[in-house]
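What follows is a short report on a single structure.
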Amino acid sequence: VFNTPNAESLPGYLKQGWVDLGPVPLLVRPSGLRGALAMTSARGRAGKWSEPLTLGTDPATVVPLPGLQAAPLVTDESPSFFAWRYAGGPVHYRALSDSGSGVIVRLRRRGNAKELVIASSWGTEVVVARLIRQAIAEAGASYAVATAMMHGRSVMIPVPRIGPHLTVRALSSQPPTLAEL
């Protein structure tokens, strides 16, 4: 079981026996020079709620082809899972897909920047990379951000030493390391 608690709740997780694996490596993709400048000045907390976004489709309508999920963390990604995780809540997600590959995104404010969060991706690297570029452009985002454990890395730039802390509660005797995930 895993979570990415904020700095205030992390001590509570640790007291309950969870293990802090450290920050999850992040990737970014600026929309261009203006996006890169906006990204460097967007250091505060991200907005809690999503900005309006109309690109793509409802995430509950997306069906990834079997075997194309991001590895090594694998979730049984089905229309019912996507509906549960990404549809109908106060945080609004949209999906772009093509040829069994896809991305699920949300748009939020971080300072003056519009940050496109790549929440999930699956499929072939070439198609996912194209969908990420398309989502940034259609959303009018300053930049996109994602974890390094995703498809589409070829169009993203690693950002060292920042990212949410990943905590785990081992269901076995030994929790995995961040490298093993």
Following the transitive rule for hydrophobic clusters with a side-chain heavy-atom cut-off under 4.5 Å over Ile, Leu, Val, Met, Phe, Trp and Tyr, establish whether [X] and [Y] coincide in one cluster.
| X | Y | result |
| --- | --- | --- |
| Leu21 | Leu14 | no |
| Val24 | Val19 | yes |
| Val103 | Val126 | no |

For Trp122 and Gly100, indicate whether the former's side chain and the latter's backbone hold a donor-acceptor pair under 3.5 Å.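 Here the side-chain-to-backbone pair exists.
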Quick check against the 3.5 Å criterion: does Arg94 have a side-chain atom that pairs as donor or acceptor with the backbone of Gly56?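 At least one qualifying donor-acceptor pair exists.
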Please report the closest heavy-atom contact between Ser121 and Val128, naming both atoms and the distance.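 What the structure gives for the nearest pair is CB-CG1, 4.0 Å.
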Heavy-atom pair of closest approach, residues Asp58 and Ala87: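 In terms of heavy atoms, the two residues are closest at OD1-CB, 3.7 Å.
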Before you tell me yes or no, could you show the steps for Arg109 and Glu115 under side-chain contact (heavy atoms from CB on, under 4.5 Å), namely the whole-Å CA-CA distance, both residues' side-chain angles and the distance that decides it to 0.1 Å? CA-CA 6 Å; Arg109 286 269 177 198; Glu115 179 179 270; over 6 Å; no
Donor-acceptor list for residues 25-39 side chains, cut-off 3.5 Å, not counting sequence neighbours:
{"unit_1": "Arg29", "atom_1": "NH1", "unit_2": "Val155", "atom_2": "O", "d": "3.1"}
{"unit_1": "Ser31", "atom_1": "OG", "unit_2": "Ala141", "atom_2": "O", "d": "3.4"}
{"unit_1": "Ser31", "atom_1": "OG", "unit_2": "Ser142", "atom_2": "O", "d": "2.9"}

Before you tell me yes or no, could you show the steps for Val91 and Tyr93 under side-chain contact (heavy atoms from CB on, under 4.5 Å), namely the whole-Å CA-CA distance, both residues' side-chain angles and the distance that decides it to 0.1 Å? CA-CA 7 Å; Val91 177; Tyr93 293 91; 3.7 Å; yes
Separation between [atom1] of [X] and [atom2] of [Y], rounded to the nearest 0.5 Å:
| X | Y | atom1 | atom2 | value |
| --- | --- | --- | --- | --- |
| Leu116 | Glu138 | CG | CD | 10.5 Å |
| Ser99 | Arg130 | OG | CZ | 7.0 Å |
| Leu96 | Ile118 | CG | CD1 | 9.0 Å |

Non-neighbouring partners of Glu125 that pass side chain to side chain donor-acceptor pair (under 3.5 Å), sequence neighbours left out: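 By the side chain to side chain donor-acceptor pair (under 3.5 Å) rule, Glu125 matches Ser154.
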